[in-house]
Colleague: 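Would you mind keeping the following structure in view while I ask a few things?
Just so it is clear, the structure is predicted and the values come from calculations on it, not from any experiment.
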Amino acid sequence: MELATGALPSVIAKLGDLLVGEYNLQKAVKGEIRFLQSELESMHGALGKVSATPADQLDPQDKIWARDLRELSFDIEDTIDAFVVRGMGDDDDHSHSAKPHGISKLIDRSVGLFRKAKARHGIASEIMNIKSRVVEVHERRRRYEINIAVGGGDKPATIDPRLFARYTDAKELVGIGETRDELIKILTEENGVSVQRAGKVVSIVGFGGLGKTTLANAVYEKIRPLFDCCAFVSVSQTPDLKKLFKGTLCQLDAKKYERRLNENPLDEVQLINELREFLQQKRYFIVMDDIWDISIWKIIKCALPGNDVGYKIITTTRIFEVAEKAGGVYKLKNLSLNNSRRLLYGRIFGNCEDTGKCPDEELAEVSERILKKCAGVPLAIITMASLLACKARNKMEWYEVYNSVGTGLENSLDVKNMRKILSFSYYDLPPHLRTCLLYLSVFPEDYKIEKDHLIWMWIAEGFIQCEKQGRSLFELGESYFNDLVNRSMIQPIYDMYTDIVSECRVHDMILDLICSLSSEENFVTILNGRDQGSLSYTIRRLSLQNGNEDHAMTSATRSLQQARTALVFPSATDLVPVLRSFRVLRVLDLQGCDLSQGYSLKYVGNLFHLRYLGLRDTHIREAPEEIGNIQFLQTLNLRENPICDLPLNIVKLRHLTSLCFDGFARVPDGIGSLTMLEHLANVLIDCATVGMMEELGNLTELRVLCIIFWDGWNDKLLGLLQKLQKIQRLSIDVCMSNVRKNIGGLDAWVAPRHLVALKTENICWFSSLPAWMTNPSHVPNLRSLSIAVREIRQADVETLGRLPALRDLQLQVDHEELGIRGVVLVIGSAGSFACLVCCGLWGFVGPAVFRRGAMPRLRTLRSRLSVREAIAFAGAGDDGLDLGLGSLPSLQEVNVSLDCEGASEEEVKELKAALRRATKIHPNHPSISIDGDGQVSDDERE
């Protein structure tokens with residue numbers, strides 16, 4: 001699915017289901033359905049061309065036709081879904097209840113047949129109505145001779161606004177000197193030694209408008225005199241390679257090639273050979289700017305030979321994968337706050353580049369907000385400066401500009417140019433990614449969007465429809481998410497400890513673009529307290545972000561019956577629409593809204609089309625029984641609510657794939673019938689629900705499982721885990737347990753190859769590290785490991801260090817129970833724990849010592865130290881207490897918990913002083929937190 005094609009792909013597939021499904025449709029109706037299928041498939045092909053064309057290049061009639069067909073596709077899908085719901089209702093009711101007998105059975109069967117006959121008659125009428133509307137749209141297109149061959153005609157040529165980046169006056173560039181010099185150093189040095197005669201490729205990658213072309217040109221102009229020949233070539237999205245190679249040759253040697261190539265044209269292969277021959281023995285420097293496709297780069301690379309004379313190549317791209325394959329990735333950073341200020345004020349006031357201070361104190365506050373919105377992106381800052389320069393130096397007018405950009409409503413020439421630059425990335429996306437990106441316009445600016453919930457919303461909307469290569473819809477959605485990250489369209493938010501992407505954010509300038517597109521095509525209706533301009537009467541997706549009273553009027557005067565998505569944010573809680581307003585709703589998310597003050601969820605059971613229901617942190621004390629009526633529900637999130645029991649009829653939701661709630665909510669019997677579940681958290685197992693272990697074994701599709709044992713563990717856990725061969729994230733917690741009886745309970749378990757995260761803290765489920773955990777080839781994707789083991793050997797730690805994807809390691813050892821004293825753990829193999837960013841070591845009686853080369857990316861270190869053992873270790877060495885913290889080049893944070901048993905106050909102070917000294921002399925000056933335990937207690941940060 002995609003913006004211009006609406007629900008057509010889904011509709012075409014569903015029409016096919018009507019033909020082959022067990023709906024007993026009349027022969028004539030099936031004929032009409034086949035006609036509709038063929039007609040819509042043809043229209044879908046034409047709409048594909050429309051969808052790939054920027055809006056400013058489309059004929060107005062094409063836009064109208066696309067809009068009409070898109071709206072029609074939504075109505076068709078709603079009609080089909082309503083028929084399926086009516087047709088399946090009776091079967092679904094009887095499948096979950098006791099079978100009727102005698103006269104009751106006869107009456108129920110008769111009523112069921114009557115209802116189904118009525119439903120079939122209804123769909124026949126609807127199909128005829130749909131056919132007439134499709135024919136009408138088709139005839140209107142013919143009547144006005146709409147040109148489907150988009151992109152043609154005698155339209156005036158437009159100027160690509162990216163062109164100006166290369167020709168910006170050097171004095172207008174702020175903060176580029178330091179970045180330019182850094183890049184030159186990368187190009188010309190290796191470990192601090194000049195390598196002028198060595199070849200080097202550097203790929204600058206970053207968000208659109210970040211200044212990649214500007215930086216490449218600054219480097220180009222600075223060092224081009226050092227080379228025999230140079231060229232700066234713009235590649236673009238759809239390059240003419242023959243023209244590109246010809247232009248490159250002319251830049252390298254204009255005298256030789258300009259006339260020659262005009263008189264004797266060469267084909268692509270001949271041009272490549274000519275370039276190779278010309279460059280083979282020359283020290284050349286070439287910039288290939290704006291590469292979008294790795295296949296294009298591979299062809300270009302054929303023309304750029306390696307040599308031992310010394311060549312340098314710079315590429316620029318918005319796509320991380322392209323940069324990675326081209327080699328020498330250089331992630332361009334956003335401007336610092338000070339440089340952002342200098343750029344903004346210099347553009348507006350003309351004389352503030354050096355101070356970076358706002359000359360007008362009244363405008364300082366709004367200026368800081370504007371800079372926060374721009375987030376260090378030069379294009380955004382320059383655009384905002386152009387808007388502000390035309391305004392009076394009045395705080396209210398500046399706030400108007402601040403509020404308008406990011407909503408898609410500002411339409412000045414500068415903002416349009418900015419959108420055009422960013423839109424190149426948008427139109428380069430494949431159709432399915434465009435829709436997924438546009439959906440992000442439902443979230444407010446600066447909102448942290450949870451990755452998993454976003455993907456479930458995409459699935460509920462039907463944006464992800466077909467499983468591929470054995471992957472589930474969620475896994476396919478995860479690949480969509482990663483593609484958007486790699487293409488710099490969304491900003492990933494990494495967990496500071498695990499370095500795993502759990503959330504994302506949309507840059508305000510991208511948000512402005514997608515809000516503009518969404519508003520234009522009635523994809524999303526956003527109510528956020530700002531002037532929305534003209535709104536469509538029909539609301540397809542509603543994002544209620546603000547409690548403005550005008551929004552209540554909007555909701556009251558516009559129909560919500562065709563709304564497919566409704567997101568209400570906490571500041572708009574008072575305006576949550578009544579559930580009876582919706583007829584075809586698929587996504588309802590009320591996260592953070594306080595519903596305890598009288599809002600009724602009674603009618604949620606009437607939302608028969610609902611696929612996603614988000615009630616997280618809504619202060620409800622019980623989940624409504626009516627949830628069991630939503631037979632197509634896929635995602636139910638009840639986290640952070642004081643719910644004691646889940647509804648008994650929740651086990652009727654056979655399409656449920658994600659079910660989240662807090663651990664104190666009891667799950668009813670029959671959970672094993674939800675065989676499509678992929679995500680289940682958090683299941684409490686106690687003496688009353690111990691039989692549930694058998695049922696959980698039926699959920700073989702589970703990828704994520706969080707389970708809590710209350711007062712002991714169950715000996716059926718091992719058997720359960722052996723059945724869950726698709727598990728990727730597993731968390732096992734135990735409350736109020738006799739720790740000793742659980743030791744080694746999972747020794748016989750062998751994790752599946754695709755395990756990503758394992759958390760079994762507090763209890764020694766493993767007596768030692770199992771063989772699969774020390775085999776890098778068995779768990780190549782394991783990123784987070786948090787376990788407690790009875791004992792561990794030095795060799796085991798070295799083996800763990802070879803796990804290729806491990807980012808987070810929390811290792812608790814029960815050595816003290818075994819009476820092992822004086823054990824020193826040495827982490828010193830070069831290259832071990834290459835990806836680790838967070839490490840916690842607990843229960844080791846002796847200290848852990850780090851040698852150079854290990855844990856090169858470690859940012860956070862947590863550990864518990866025995867004061868007596870650490871002092872003993874210090875006394876045995878020549879350098880006192882040196883744990884090797886200086887060998888961890890990326891260290892940012894140290895958290896130490898001290899076991900002061902048997903230690904004097906003086907010894908505790910000595911150890912604390914040694915730890916603080918180690919962090920002070922570290923090049924990064926990491927923060928340190930020390931928690932004393934026993935006779936001396938202290939907590940400090942430096």
Colleague: Going from CD1 on I526 to OG on S519, what distance comes out if it is rounded to the nearest 0.5 angstrom?
Modeller: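 It comes to 7.5 Å.
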
Colleague: Among H453, E450, R616, which residue meets the side chain to side chain donor-acceptor pair (under 3.5 Å) test with N637?
Modeller: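 Of the listed options, the one satisfying the test is H453.
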
Colleague: Salt-bridged, R703 to E475, with N to O below 4.0 Å?
Modeller: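 Salt bridge flag = no for E475 with R703.
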
Colleague: Testing R611, R586, R541 for salt bridge (charged side-chain N to carboxylate O under 4.0 Å, His left out) with E461, which one passes?
Modeller: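 Only one option passes, and that is R541.
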
Colleague: For the pair F523 and Y439, name the ring-plane relationship: parallel under 30°, tilted 30 to 60°, perpendicular over 60°.
Modeller: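 Answer is perpendicular, since the angle exceeds 60°.
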
Colleague: Among I449, D452, D589, V442, whose side-chain contact (heavy atoms from CB on, under 4.5 Å) with M457 holds?
Modeller: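 Exactly one pass, corresponding to D589.
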
Colleague: Salt bridge or not for K372 and D508, using N-O below 4.0 Å?
Modeller: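 Salt bridge absent between K372 and D508.
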
Colleague: Do N682 side-chain atoms and F661 backbone N/O form a donor-acceptor pair below 3.5 Å?
Modeller: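 It does hold such a pair.
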
Colleague: Once side chain to side chain donor-acceptor pair (under 3.5 Å) is applied, what residue pairs with a partner in residues 591-600 remain, sequence neighbours excluded?
Modeller: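 For residues 591-600, and leaving out neighbouring residues, the side chain to side chain donor-acceptor pair (under 3.5 Å) pairs sorted by first residue read D594-S596.
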
Colleague: If you apply the rule side-chain contact (heavy atoms from CB on, under 4.5 Å), what do you find for L674 with L680, and how did you get there?
Modeller: CA-CA 11 Å; L674 305 181; L680 180 59; over 6 Å; no

Colleague: For F569 and F443, take the angle between the two ring planes, folded into 0 to 90°, and tell me which bin it lands in: parallel under 30, tilted 30 to 60, perpendicular over 60.
Modeller: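 Because their plane-to-plane angle is over 60°, the rings of F569 and F443 count as perpendicular.
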
Colleague: Do F463 and Y480 have ring centres separated by under 6.0 Å?
Modeller: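 No.
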
Colleague: Do Q631 and R654 pass the side-chain contact (heavy atoms from CB on, under 4.5 Å) test, and can you show the C-alpha distance, the side-chain angles, and the key distance before you say yes or no?
Modeller: CA-CA 7 Å; Q631 58 185 301; R654 301 304 175 88; over 6 Å; no

Colleague: Any sub-3.5 Å donor-acceptor pair from D662's side-chain atoms to E640's backbone N or O?
Modeller: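 Present.
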
